[in-house]
Amino acid sequence: MGEVRQPEASRQRRTQQLEAERFEGMPILADVPQHDRLSLVAPDLACTICTATLELGDRVLRCPAGHSFDIARQGYASLVVGGRTPKTGDTQEMVAARAAFLEAEHYEPIADHVATTLPLARFLPDGSVDDDSAPLVVDIAGGTGYYLGRILDARPAWRGFGFDLSPLAARRAARAHGRAAAATADAWAPFPLRTASVDHLLSIFGPRNGPEMRRVLRPDGLLTVVTPQPGHLAELRDRLGMIGIAERKDARLDAQLDGFTLRSRDTLDYAVELMPEEVRDEVRMGPSAHHLDDDVFEQAIADLPGYTTVTVAVTLSVFAPA
């Protein structure tokens with residue numbers, strides 16, 4: 001088990017530290033008001049019906065074929081085909097639990113490590129910075145936008161876009177960062193993005209649609225995938241009835257991402273001290289929430305001590321197009 005970590009570090013202190021690490025002359029992209037953030041990524045979006053380029057209008061995105069997608073007053077676009085899906089997105093309780101747990105910064109080291117896999121800017125072949133266009137990072141099934149927001153704090157030259165099946169999550173993601181746009185979209189359907197439009201893709205504890213990932217990534221782009229190790233949350237899984245973690249997950253991941261080459265693979269292992277309400281949020285924010293016996297679960301939470309030491313153990317894999 002790694003060193004016990006208390007989540008005292010504030011976002012401001014982290015931002016100041018990362019700011020000091022940037023080298024002189026790096027471009028900085030200005031924040032955009034929440035209702036205008038789709039303008040940051042509109043040229044890179046594609047119609048989820050016919051794949052044509054989308055144009056941004058007044059509270060709508062529309063393609064030349066006449067397909068249109070509404071923009072909610074909170075600023076996110078509804079890009080699910082037909083506006084709805086038979087699949088189940090996260091419930092209101094799950095989204096609230098995820099927001100509360102992540103904002104407590106227990107997974108801050110994961111976000112910080114992922115940020116290091118992104119270059120500081122887009123560079124030209126001669127090594128100079130490309131000042132003509134801001135690079136784009138996309139978080140697939142990105143939930144509330146926590147990871148995207150922290151990564152954009154660390155990479156001030158970048159634009160961000162996150163999509164998730166849940167409108168409740170997209171609503172929160174739309175306000176996650178001044179340089180991040182959000183939408184609802186299905187990670188198992190064609191992505192709402194133009195071919196070769198993305199500099200960096202993120203899949204953090206999420207689904208991995210290999211063909212679509214390969215299609216939207218630029219030839220010089222990268223994909224960062226975060227997956228749990230068998231020991232991740234081990235102190236909670238059996239005790240609270242959480243879904244188990246498959247063995248040989250790395251090998252399965254590599255086989256799943258046909259068309260990609262593994263660039264690097266690191267592990268991150270540390271421990272956190274969680275209060276009972278934080279344990280509840282951790283369990284209820286993920287897929288285990290769909291399988292809980294509520295009465296049994298709440299009794300197990302009530303039986304917990306004041307703090308529980310919990311292992312966080314993940315693998316961070318970076319892939320490049322083959």
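In this structure, Phe101 and His106 have tilted ring planes: the angle between them lies in the 30° to 60° band. Ring geometry for Phe319 versus Phe260: interplanar angle over 60°, hence perpendicular rather than tilted (30 to 60°). Between His232 and Phe205, the two ring planes are parallel [angle under 30°; tilted spans 30° to 60°].
Remark: the Tyr107 side chain and the Glu282 side chain contain an N/O donor-acceptor pair separated by less than 3.5 Å. Thr315 and Arg265 share no side-chain donor-acceptor pair at under 3.5 Å. Between the side chains of Glu235 and Thr311, at least one donor N or O sits under 3.5 Å from an acceptor N or O. Between the side chains of Gln299 and Asp303, a donor-acceptor pair is found at a separation under 3.5 Å. Residues Glu278 and Tyr307 bring no donor and acceptor atom of their side chains to less than 3.5 Å of each other.
Salt bridge status for Glu212 with Arg215: present, with a side-chain N to carboxylate O gap under 4.0 Å. Of the charged side-chain nitrogens involved, none lies within less than 4.0 Å of a carboxylate oxygen, so that Arg280 and Glu93 do not count as a salt-bridged pair. Ion pairing between Glu103 and Arg150 holds under the 4.0 Å rule for side-chain N and carboxylate O. Classification of Arg98 and Asp90 as a salt-bridged pair holds, one side-chain N sitting under 4.0 Å from a carboxylate O.
Taking 4.5 Å as the limit, some side-chain heavy atom of Thr48 sits within range of a side-chain heavy atom of Phe69. Using a 4.5 Å heavy-atom threshold, the side chains of Leu262 and Ser317 count as touching. Proximity of Arg172 to Val95: side-chain heavy atoms (C-beta onward) are separated by under 4.5 Å at one or more points. Residues Tyr76 and Arg175 form no side-chain contact, since every pair of their non-hydrogen atoms from C-beta on lies 4.5 Å or further apart.
Rounded to the nearest 0.5 angstrom, Leu202 CG and Thr117 OG1 are separated by 7.0 Å. The CG atom of Leu193 sits 8.0 Å away from atom CG of Leu201, with the distance rounded to the nearest 0.5 Å. Distance check, rounded to the nearest 0.5 Å: CG of Leu40 to CG of Leu29 gives 6.5 Å. If you take OH on Tyr147 and CG on Leu102, they are separated by 5.0 Å, rounding to the nearest 0.5 Å.
Contact between Cys50 and His67 at its shortest, heavy atoms only, is SG-ND1, 3.6 Å. Here the shortest heavy-atom pairing between Val198 and Leu136 reads CG1-O, 3.7 Å. Nearest heavy-atom pair, Ser203 versus Gly206, reported as atom, atom and distance to 0.1 Å: OG-O, 3.6 Å.
Crowding of Arg194 atom CZ: a count of heavy atoms from other residues, nucleotides or ligands under 6.0 Å not exceeding 12.
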